[in-house]
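Below is one structure, written out as structure tokens, with a few remarks after it.
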Amino acid sequence: MPEGTSFELNGFVSYEMFNRVEGSSWSTPYELDDESRVSVISSDLTWETDIQSYVPGGGPDLVPIWDRYQYIDYVYSITNTSENVASNIDGYSATFDIDSTASNVNGIIPFDINRWVYNEDGPPAVNDDLNYISGQFVGVPGQGGILIYDVTDWDGESELTDEIPYTYSGTGLVTIDRQHGAAKQELTPDGVAGATERKFLISLPLSRQGFPNPPTNFKVAAITNVLFAKTANWAKTRVVEREIVLPAYDFAFTHTTRQNDVVYGYETYNEITDLRSDSNAPVFDPVLAYQVDEDFALDRVTYEFDQIAAESFENAEITYSYIDEETAEAVTRTISPILREQDEDTGLVTLTFDVSELRELDWDRTLSLSLVDRVEPGSTLPLSIKVFGEPYRVGEMASQATVTYIEKIASNDDFGQNTTYTEVEHQTAVDTSFNVIYPEEVIPSIQVSIDGKGARATVPYETASLIDFLFGVNDTVAENSTTTLVLNTDAERVKNAELILRAALFEHAQNLRVSYETMDGDIEEIDLSAYAGTGDFNVALPERAAKVIIDSDEFASSGSANFVSVSAQIGHGLDKLHTVTGEIRTYQPKPYDRDTTRTATGTIDIQLPNELVPAVDVIGVYGSRKTQTTTHVGYESTFGVEYQLDTRGVNSPSSEYVIDTLAPTKSGSLEFRSISLQEALLDSITDPKVTFVDRSGDEQEFTSSEVTSDEVTLENVAKIIVSGENLRLDGLQTIAIVEYSADIEIGSSQTVRATFSGTQEPPYENSKTATKNNQIIVRETKTEVQVEGVNQVNKGLGVGNDYSVDIYRCWSCGTWYGTADYTLDQGYKSLGGFTSTVTRPTAAYDNNDQRVTVEADLPYEHFDLYYLKIREALQPYIDTVDVYRVVDGEEVLWKSVPGSEWVNNTQEGSGFWRINTARPDMNWPGLSSDRFSCQPVGDRSSSASV
């Protein structure tokens with residue numbers, strides 16, 4: 001049959017006989033019986049309805065009753081679950097049968113149902129008539145009436161508005177009409193246009209006064225009637241019960257200390273967190289009373305909370321009481337935060353209260369810390385409270401935190417008046433304690449290390465050196481510290497200094513301050529704001545920096561570490577020693593309450609550069625002979641002088657090598673011919689120059705390495721200066737060779753001189769000099785002639801120059817003695833002779849290019865010359881041999897024999913030229929040979945025998 005078709009089923013009775021009596025048949029009149037008629041609707045409609053308790057956020061279904069208007073929530077729903085798309089719900093109504101005090105001891109107060117009359121054109125009106133049930137009513141949040149909202153499409157979080165009106169028929173019956181009029185709502189099966197389900201939030205205003213005897217059950221029945229097939233009605237009932245109980249109150253929190261063992265006098269803190277209401281009803285005006293030990297010196301209190309909770313704690317305050325010293329009266333003071341900080345990354349807000357003044361006050365040792373106005377059941381305050389201070393008594397030190405909160409019970413009897421409450425105070429106390437121990441004594445230490453080599457090291461003059469200062473404490477914490485680094489005192493030996501603050505210093509020292517002091521007493525603080533937070537921080541120190549002072553608040557380390565270094569050049573003047581000192585002072589508070597100081601010294605041995613100790617030498621060169629001090633040369637000869645220099649490998653920034661001559665001993669002068677600078681000099685100097693200076697001071701400068709006399713235009717050159725820069729020679733080396741002409745008189749001398757003058761590298765300021773002379777001598781001619789008499793030759797032929805010189809004389813009767821005697825001692829006309837020895841200088845430099853005439857005069861009155869002999873050594877030099885005779889008392893040239901006729905013709909021995917002079921035909925008295933003359937020339941030694 002089509003959906004929604006209505007029809008009737010009718011029943012009637014008929015029989016043929018009754019009690020076996022013929023003719024007793026009977027039938028329902030007209031076959032119509034009102035008692036046997038059924039109206040039937042043909043429909044596939046299925047639907048469901050439900051009502052459940054609604055507790056936002058979940059949780060128990062218990063209702064702790066305490067307030068005048070304490071709303072409890074239900075969710076009511078109706079759903080068309082039909083599979084036939086034609087099975088519609090044309091409308092519906094929901095009637096809620098609520099336990100009320102009109103019919104029960106415990107229940108909703110009827111006056112809270114019809115408290116507000118619905119006004120379609122304006123705000124609801126207050127109903128002052130308890131018995132008025134006409135029209136529609138509506139709820140007003142927090143002021144009575146049932147709040148009904150359509151939550152079919154509600155997200156569960158948005159604020160609900162537009163309260164739905166309802167009718168009230170007394171004794172707790174409330175109806176939502178969606179079956180008649182403009183509010184009529186149709187529900188269609190799933191898949192068909194239109195709503196399939198409707199949900200309503202029903203919020204009932206219970207009251208503490210409506211439940212005088214909790215615990216009890218509170219029942220709400222939802223009676224739903226649906227209209228379908230135009231005229232048909234179908235009803236279902238659902239019941240939900242909740243338990244109404246008395247409130248239970250409890251509060252909990254965590255009270256901990258920063259550490260179990262706290263060092264005497266060192267800051268610590270106690271912390272209160274997880275402030276949580278374990279009550280099943282709201283609590284009001286919680287306050288935290290914090291009681292501290294009399295030996296715990298408070299400093300500050302902080303509140304930490306997330307930014308989203310900032311509004312809850314924007315009026316946070318702390319209250320304490322103390323006795324006024326002047327009036328002896330109790331004074332209560334309330335303070336606000338002195339500082340509000342917010343971490344932009346985490347959103348954490350920190351409020352800081354300064355309570356340090358309590359250290360100087362006679363106070364009751366209890367702080368009162370505000371919290372919030374109300375804490376909902378089971379909720380936790382997003383707050384952490386820290387109480388900072390220092391303990392000043394050894395042993396256990398306890399602190400007690402007590403949260404006092406208020407329970408409120410609605411107690412006004414006149415339901416139409418403002419609610420009044422009976423307040424009951426509750427407290428929860430939690431203690432914490434820590435053990436105060438004596439601190440380990442703070443013992444500072446400091447060391448100085450030079451270039452990583454320890455407390456003493458050698459550093460070359462003005463080279464870069466790294467001075468490390470290693471300091472710290474013995475794995476303890478100093479309340480504050482000062483480290484002073486003394487770099488210079490009486491002289492700036494540490495210069496061009498750079499201060500290196502190591503990254504570790506910033507990690508171990510709190511509130512770091514660094515300054516420096518100059519040798520002039522000026523003090524300047526270093527700006528550390530540019531420190532990037534990682535790595536080392538380098539600062540250039542000014543000239544004449546004397547000290548670096550490093551101050552800090554709390555300072556902690558595990559022994560000494562390289563916290564500071566100074567990079568600098570070392571050296572001042574000729575100083576060979578410098579010391580730097582480091583001093584660390586640490587302060588440790590009570591129970592020690594003292595400063596401790598340690599000092600360390602670093603010793604720098606300054607290695608000065610080698611001092612310039614020049615050496616010069618002047619070497620005369622004549623032929624193959626080289627001599628120092630004195631040089632013999634031939635007359636008008638050409639000779640050289642090697643000028644030498646040695647700086648022992650030390651650099652001379654600027655130098656002059658002066659070559660000059662002293663005054664000659666006789667006439668004439670050594671004449672300059674040329675100068676040649678040697679490779680040893682050219683490889684060891686920059687910008688070499690040769691300057692000639694005459695006696696009037698005029699100069700002529702050359703940059704070439706060789707200069708001849710033809711190039712020099714000056715007359716009367718007085719000196720030659722070889723100059724340049726950065727000269728360095730290792731070992732005595734010839735730097736210049738000067739060629740001279742020995743144009744001084746024979747038998748005289750003239751001294752050549754070399755004088756070096758050179759500046760020195762710092763720190764040496766004075767110039768160093770060295771000088772050396774060499775005397776140039778042209779010797780006089782030293783040809784010598786020696787004449788000796790010899791006896792008769794007593795040896796055979798060929799004996800050469802051997803002669804008998806033995807003379808035997810009578811010493812006494814019968815006694816003879818012999819002696820060597822060159823005195824001619826002969827008998828008449830016995831054979832004898834003379835030797836004439838000509839000696840020239842034995843050294844070549846003593847010879848001169850001269851013509852030499854050797855004359856031998858003979859005693860012609862007593863001596864008859866037979867022959868003369870000339871040694872072969874004289875052969876190259878013989879020009880002529882002239883023999884003279886005396887005729888009538890006058891010397892007359894008898895024979896001139898050219899040297900070219902030389903012949904070895906002697907029988908006494910080879911190597912001689914014999915010239916016979918005997919002339920028997922002219923042997924008459926008055927005519928005899930009396931002289932001969934040899935005219936040799938040359939420069940070697942020679943002799944002649946006659």
Side-chain angles (χ1 to χ4, degrees), residues 459-463 569-576 606-621 626 628-629 640-662 672 674-695 697-707 712 714 717-740 751-775:
V459 177
Y461 176 82
E462 282 197 344
T463 59
Q569 289 180 318
I570 308 299
H572 178 270
L574 300 180
D575 297 342
K576 295 183 178 180
I606 304 173
Q607 182 182 12
L608 296 178
N610 290 333
E611 189 174 6
L612 179 63
V613 183
V616 299
D617 204 354
V618 181
I619 307 298
V621 182
K626 296 184 178 182
Q628 297 173 291
T629 308
V641 177
E642 294 180 354
Y643 290 94
Q644 298 184 340
L645 175 64
D646 178 16
T647 66
R648 299 186 181 181
V650 178
N651 184 62
S652 175
S654 176
S655 63
E656 287 187 350
Y657 194 102
V658 179
I659 299 170
D660 62 356
T661 57
L662 304 183
F672 166 79
S674 67
I675 182 171
S676 175
L677 302 183
Q678 302 300 295
E679 290 297 325
L681 174 69
L682 299 176
D683 292 343
S684 306
I685 197 171
T686 58
D687 194 21
K689 297 176 183 178
V690 179
T691 303
F692 292 82
V693 183
D694 64 14
R695 288 185 174 83
D698 293 334
E699 297 181 355
Q700 185 177 0
E701 184 179 285
F702 296 88
T703 57
S704 58
S705 60
E706 294 188 5
V707 181
V712 180
L714 298 177
V717 174
K719 57 185 175 180
I720 304 171
I721 303 173
V722 179
S723 61
E725 298 178 355
N726 296 318
L727 173 62
R728 186 195 304 267
L729 290 165
D730 194 0
L732 200 61
Q733 300 180 59
T734 300
I735 66 167
I737 298 177
V738 179
E739 191 175 85
Y740 295 94
T751 298
V752 293
R753 177 174 60 184
T755 303
F756 173 80
S757 175
T759 61
Q760 300 189 78
E761 296 277 10
Y764 303 107
E765 297 179 354
N766 59 318
S767 297
K768 286 300 188 77
T769 61
T771 187
K772 197 67 174 290
N773 297 344
N774 195 317
Q775 184 180 19

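In this chain, numbering begins with 1 at the start of the sequence shown.
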Write down the atom of [X], the atom of [Y], and the distance for their closest heavy-atom approach.
X: Val616; Y: Ala754; result: CG2-O, 4.0 Å
X: Asp646; Y: Gly731; result: OD1-N, 2.8 Å
X: Pro614; Y: Leu645; result: CB-CD1, 4.5 Å
X: Glu699; Y: Leu714; result: C-CD1, 4.0 Å
X: Leu574; Y: Pro763; result: CD2-CG, 3.6 Å
X: Gln678; Y: Ala736; result: CG-N, 3.9 Å

Do [X] and [Y] touch side chain to side chain, with heavy atoms closer than 4.5 Å?
X: Val641; Y: Val618; result: yes
X: Ser757; Y: Val658; result: no
X: Leu681; Y: Leu727; result: yes
X: Thr771; Y: Thr769; result: no
X: Lys576; Y: Leu608; result: yes
X: Val621; Y: Ile737; result: no
X: Thr629; Y: Gln775; result: no
X: Val752; Y: Tyr643; result: yes

Got a second to check how far [X]'s [atom1] is from [Y]'s [atom2], nearest 0.5 Å?
X: Ile659; Y: Ile675; atom1: CD1; atom2: CD1; answer: 4.5 Å
X: Lys768; Y: Thr647; atom1: NZ; atom2: OG1; answer: 12.0 Å
X: Glu656; Y: Thr759; atom1: CD; atom2: OG1; answer: 10.0 Å
X: Glu701; Y: Phe692; atom1: CD; atom2: CZ; answer: 11.5 Å
X: Glu761; Y: Asn651; atom1: CD; atom2: CG; answer: 4.5 Å
X: Leu677; Y: Ile735; atom1: CG; atom2: CD1; answer: 7.5 Å

Using 30° and 60° as the class limits, which term best fits the ring planes of Phe756 and Tyr657: parallel, tilted or perpendicular?
->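 Tilted, since the angle between the ring planes falls between 30° and 60°.
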Side-chain H-bond candidate by donor/acceptor type, Gln628 with Asn774, under 3.5 Å |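 Their side chains do not contain a donor-acceptor pair, so the 3.5 Å distance test is not met.
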Judged by modelled atom types alone, do Gln644 and Thr734 share a side-chain donor-acceptor pair under 3.5 Å?
-> yes
Enclosure of Lys689 NZ (heavy-atom neighbours >12, cutoff 6.0 Å) | no
Using atom types as modelled and distance alone, determine if a side-chain donor or acceptor of Arg728 lies under 3.5 Å from a backbone N or O of Val650.
->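 Side chain of Arg728 to backbone of Val650, a donor-acceptor pair under 3.5 Å: no, none is there.
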Hey, does the side chain of Gln760 reach the backbone of Leu612 with a donor-acceptor pair shorter than 3.5 angstrom?
-> yes
